[in-house]
Amino acid sequence: MTESLLHLHNIRLRRDDRTILDGVSLKVHAGEIHTVIGPNGAGKTSLVRVALGLITADSGERRVRPGLRIGYMPQKLELNASLPLSVKRFLQLARPGLSAVDMDQILGDVGARHVAATPVTRLSGGELQRVLLARARLRNPELLVLDEPAQGVDITGQEELYTLIGRMRDERGLGVLMVSHDLHLVMAATDHVLCLNQHVCCEGHPESVS
């Protein structure tokens, strides 16, 4: 096995006398889609925040490969509906100096070229998730961290989105850490599953976890 891009070991996190994560470990390698599943309140988003280095665990270890470029797709985006922010401008704010050619390619890669001039607040659920995925790719990441990437998307759109994520992994050799609560669809779109409910309930190949 190649060196891991991200390694979390025995992560423990408490907030307000409540255990959020209890001894959680995971590794994500290049070319691998690693999915964390679990019910609401299981600690999935907190685990993502630890993985990104946004919060520090009370104990345990976080290791990332030196110089690792990470792209992050949040669970949701809060924008003022009265703010006339186009998709093009939204991406330019995330990466100043983004050329028109790069803009076209990035949006084309996620099937969202047609919404470049559309206000972000007018996008459908599926269109918004594709734009957020494009934004996560702006830094040419080696690791993509996706928090509920199919949230607010219908079943057909979810299947298309997971297929797109898999294709990006195949074409670019990306490592992907993905969070989801949808067991059925995710099982066909991942290499490794970790079932979380504060602690690791089980993990392994999707078939064995099922």
Please report the shortest heavy-atom distance between [X] and [Y], naming the atom on each side.
{"X": "Ala136", "Y": "Tyr72", "value": "CB-O, 3.6 Å"}
{"X": "Leu138", "Y": "Leu98", "value": "CD2-CD2, 4.1 Å"}
{"X": "Leu174", "Y": "Pro141", "value": "CD2-O, 2.7 Å"}
{"X": "Gly23", "Y": "Asn10", "value": "CA-OD1, 3.1 Å"}
{"X": "Met178", "Y": "Pro149", "value": "SD-CG, 3.6 Å"}
{"X": "Ser46", "Y": "Leu13", "value": "CB-CD2, 4.0 Å"}

Going by an N to O cut-off under 4.0 Å, is there a salt bridge joining [X] and [Y]?
{"X": "Arg122", "Y": "Glu127", "answer": "no"}
{"X": "Arg172", "Y": "Asp109", "answer": "yes"}
{"X": "Asp22", "Y": "Arg14", "answer": "no"}

Does [atom1] in [X] sit with more than 12 non-hydrogen atoms of other residues, nucleotides or ligands closer than 6.0 Å?
{"X": "Arg135", "atom1": "CZ", "answer": "no"}
{"X": "His114", "atom1": "NE2", "answer": "yes"}
{"X": "Asn40", "atom1": "CG", "answer": "no"}

Looking at [X] and [Y], would you say the former's side chain and the latter's main chain have a donor-acceptor pair under 3.5 Å?
{"X": "His199", "Y": "Asn197", "value": "yes"}
{"X": "Lys44", "Y": "Val36", "value": "no"}
{"X": "Gln198", "Y": "Gly41", "value": "yes"}
{"X": "Glu32", "Y": "Gly175", "value": "no"}
{"X": "Arg130", "Y": "Val110", "value": "yes"}
{"X": "Thr190", "Y": "Ile33", "value": "yes"}

Quiz item: Which residue pairs pass the side chain to side chain donor-acceptor pair (under 3.5 Å) test when at least one of the two sits in residues 49-62, sequence neighbours left out?
Solution: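 Qualifying pairs, neighbours excluded: Glu61-Arg63.
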Can you tell me how far [atom2] of [Y] sits from [atom1] of [X], rounded to the nearest 0.5 angstrom?
{"X": "Leu161", "Y": "Glu159", "atom1": "CG", "atom2": "CD", "answer": "11.0 Å"}
{"X": "Phe90", "Y": "Leu132", "atom1": "CZ", "atom2": "CG", "answer": "5.5 Å"}
{"X": "Gln129", "Y": "Ile165", "atom1": "CD", "atom2": "CD1", "answer": "9.5 Å"}

Is there side-chain contact between [X] and [Y], with heavy atoms separated by less than 4.5 Å?
{"X": "Asp104", "Y": "Val101", "answer": "no"}
{"X": "Val176", "Y": "Val28", "answer": "no"}
{"X": "Arg15", "Y": "Arg18", "answer": "no"}
{"X": "Val153", "Y": "Glu160", "answer": "no"}
{"X": "Thr35", "Y": "Val179", "answer": "no"}
{"X": "Gln151", "Y": "Gln75", "answer": "yes"}
{"X": "Pro119", "Y": "Pro84", "answer": "no"}

Are [Y] and [X] linked, directly or through intermediate hydrophobic residues, by side-chain heavy-atom contacts shorter than 4.5 Å (ILVMFWY only)?
{"X": "Leu128", "Y": "Leu91", "answer": "yes"}
{"X": "Leu54", "Y": "Leu68", "answer": "yes"}
{"X": "Leu21", "Y": "Leu6", "answer": "yes"}
{"X": "Leu52", "Y": "Leu133", "answer": "no"}
{"X": "Leu196", "Y": "Val48", "answer": "yes"}

Self-check item: Of Lys27, His29, Glu203, His205, the residue whose pairing with His192 passes side chain to side chain donor-acceptor pair (under 3.5 Å)
Solution: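 Answer after filtering Lys27, His29, Glu203, His205: Glu203.
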Self-check item: Asp147: salt bridge (charged side-chain N to carboxylate O under 4.0 Å, His left out) partners, not counting sequence neighbours
Solution: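 Salt bridge (charged side-chain N to carboxylate O under 4.0 Å, His left out) list for Asp147, sorted by chain: empty.
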Exercise. Could you pull out all residues at least two apart from Ala116 that satisfy side chain to side chain contact (heavy atoms under 4.5 Å, CB included)?
Key: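 Per chain and number, Ala116 pairs via side chain to side chain contact (heavy atoms under 4.5 Å, CB included) with Leu107.
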